[in-house]
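All remarks here apply to the structure that follows.
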Amino acid sequence: MGSDHKLNEAFLPPEGSYQEEEQDTRVLYPYSETPTSYNFGPRETTDRFAGYFFIAAIVAFLGWSMVGVDIAVSKSHQYYPVWRQYEYNITTESCVANTEPLIQDDHHWQVVDLIVGPILIAIVMAFLFGGVLLAGFRHVPAFMVWTVIIFKVLAPAAVGVAIYVLGTKDGSNDHASVSADDDGGYDDDSNSYSIPAYFLFGLSFLLALIFFCFRTEIRLTVKLFKESALSLQQNWILIPVQIFISFVAMIGAVILICLLLTSFLYGNLSSDCSWQVLPGTIPFAIYGVIIIGWYLFWALETRTYLVGDSVGFWYWHGKSGGNVTRAMKHVFLHHFGSMALAGLVVWFVEALKSLARRKSGNILICLLQCLIQCILSYIQYLCKMSVIVCGITGQSFIKSGHQVVRLFTASFGDMSLSAGLWFLPPLILRFFVFLMSALWAVATGFTVYARIKALNLSTCDHSCAVGYTTTIAIVVFLIVLFILGFFAMILNAVLDTIFMCFMIDKSKGIVTKPELHAIIGQVLDKKNVQPTPNQTKPISTTA
């Protein structure tokens, strides 16, 4: 099944599988006899030159960093940590570093010990929230979805109420908020509070109206979340495997970042004791940022591939052992180059999106930037679907992209309609992740502040306590956001894989999972998309 010819043969049902057209019945086949679209292999190696180039680029970065440090040491350049301040010493006629400790007394060490616990607790709670996310969208998806939507609608209004109350309180307690102007009238400074409050009220109303208009899509999203969570439950080994790969990738990223930062630790001090980097450091830093970004997006696409390969196998063959192991073998032995190419493309697109996000005072330029960001986001969406199809069919990244475009065009007739309701699941998941991260960060912040005040530190006043509390709250927020977002990414990738499997089924006139076809098919019915001729004789399979 490695070639395209054999792959197309796999789409064909076994002989005699279809009933006559006039009969309104479907033949049920076990998974072992299902016309499958999953390529078992042996798979051909795809995009190998991209893989070679990726490895060579990383090796070049490692070599450049080591050679740069060796040259710096050989030329007797001193080691000057960038985080220290240097002062000119008249006696020695040289620059001397200020070696005062960052933490001045034991009381501050008590505060440091105090905040280590909340960080460790945040890591544990993030994984628990991840379990809640998966279990909630599996067993009570309607409650989860509508709860997230209600919070999203009410959040701007709640902030607006707080701003309005604050403005009212300041206006009643401070007569300076109302002052006589030159004409004998009065300027009410409370308008500075009421205008943003009214704007937030209007935003909540607008969000409520938008979600009301998409209520049918939301109901379909609820059903899709339930089926996607079921798939992930039956492929639960994906979660620890993904965590392990992410951990290893994070270690590699830390090593690359440390090598990048090392280049800034060697340099010279000018006559005024200002720190100067060595020649060649800036080009190395630019190259390092490109390589590290490429590496991180390669790891991201690799995780997406694992979901696509494993869930694609589950879609056509049901629950079975060894599918995750097979997917790992495929991604590292046969499709390493494809993932490197996908990571480079997505990294380039993300860099363009960062440029498009730059603020501009010209409204026409802002509108153009929004349009460009929408186009680039859709390109990222197609790249993600291409990686998933690569996991299913074993094709190269470029060929998978062509197949995604063909599937979307054949099914929807217009690429602009291919997204369907697929903007809703990531929107809901992202806000759930943000909401849980923010709530836990706020709760942690209040707890840490209360414990710091309970210590009665003479050297840590109110502003000091607020500073520590804010810092730890931000750290906790980022920790929970990252870990919980990892679980949301897996669930969303499962949903996207099921969608692509449905699209492949639809193009071949096969109904592998009737319950999923019944749900996703409503999207096509809602858009009045006419079925293709291949869809007149569907078959169904048993579990």
Side-chain angles (χ1 to χ4, degrees), residues 81-85 98-134 136 147-148 151-152 154-156 158-159 161-163 165-166 239 242-243 246-258 260-261 264 292 296 429-490:
V82 67
W83 56 83
R84 286 185 176 177
Q85 297 292 330
N98 184 358
T99 59
E100 292 184 5
L102 296 177
I103 299 179
Q104 301 292 336
D105 52 47
D106 294 336
H107 294 302
H108 285 74
W109 281 114
Q110 289 179 320
V111 175
V112 172
D113 293 337
L114 181 66
I115 64 181
V116 171
I119 292 179
L120 297 178
I121 295 175
I123 296 175
V124 176
M125 292 303 300
F127 282 98
L128 291 179
F129 290 150
V132 171
L133 183 147
L134 298 179
T147 299
V148 171
F151 270 96
K152 189 174 184 64
L154 294 181
V159 176
V161 170
I163 293 176
V165 170
L166 180 62
I239 297 177
Q242 292 266 16
I243 292 175
S246 299
F247 179 74
V248 174
M250 185 168 28
I251 292 177
V254 169
I255 293 175
L256 295 177
I257 293 173
C258 289
L260 177 62
L261 296 178
F264 289 90
I292 293 173
L296 292 175
L429 289 174
R430 282 197 297 265
F431 189 77
F432 176 83
V433 171
F434 173 82
L435 179 64
M436 298 304 297
S437 303
L439 291 178
W440 188 255
V442 171
T444 301
F446 279 110
T447 303
V448 170
Y449 179 81
R451 296 184 64 184
I452 291 177
K453 298 300 290 184
L455 292 176
N456 293 323
L457 301 178
S458 58
T459 57
C460 189
D461 55 8
H462 174 73
S463 60
C464 171
V466 171
Y468 277 114
T469 299
T470 304
T471 301
I472 191 60
I474 294 175
V475 172
V476 166
F477 173 80
L478 294 176
I479 290 174
V480 178
L481 186 74
F482 176 78
I483 297 177
L484 190 55
F486 172 79
F487 284 89
M489 183 275 296
I490 297 178

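Computed over heavy atoms, backbone and side chain alike; hydrogens, waters and symmetry mates excluded. All values reported here derive from a predicted model rather than from experimental measurement. Along the sequence shown, the residues carry numbers beginning at 1.
Annotation: side-chain contact (heavy atoms from CB on, under 4.5 Å) contacts of A473 (sequence neighbours excluded): none. Remark: V466 engages Y449, H462, T470 in a side-chain contact (heavy atoms from CB on, under 4.5 Å) (not counting sequence neighbours). Remark: L120 pairs with V116 by the side-chain contact (heavy atoms from CB on, under 4.5 Å) rule, at least two apart or across chains. Taking L296 as the reference, A253, I292 meet the side-chain contact (heavy atoms from CB on, under 4.5 Å) condition, with sequence neighbours excluded.
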Just distance, no hydrogens or angles: give the donor-acceptor pairs under 3.5 Å from side chains in residues 430-440, sequence neighbours left out.
residue : atom : partner : partner atom : Å
S437    : OG   : V433    : O            : 2.7
S437    : OG   : L481    : N            : 3.2
W440    : NE1  : T444    : OG1          : 3.4

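Looking at every heavy atom in both residues, P118 comes nearest to I472 through CB-CG1, 4.4 Å. Listed here is the closest heavy atom pair of A126 and L484: O-CD1, 4.1 Å.
From M125, atom CE reaches atom CD1 of I479 across 13.0 Å, with rounding to the nearest 0.5 Å. Taking OG1 of T469 as the reference point, atom CZ of R451 lies at 11.5 Å (rounded to 0.5 Å).
Inter-residue side-chain proximity for I243 and F486 is flagged as met; some heavy-atom pair is nearer than 4.5 Å. With contacts defined as side-chain heavy-atom distances shorter than 4.5 Å, the pair Q242/I239 does not qualify.
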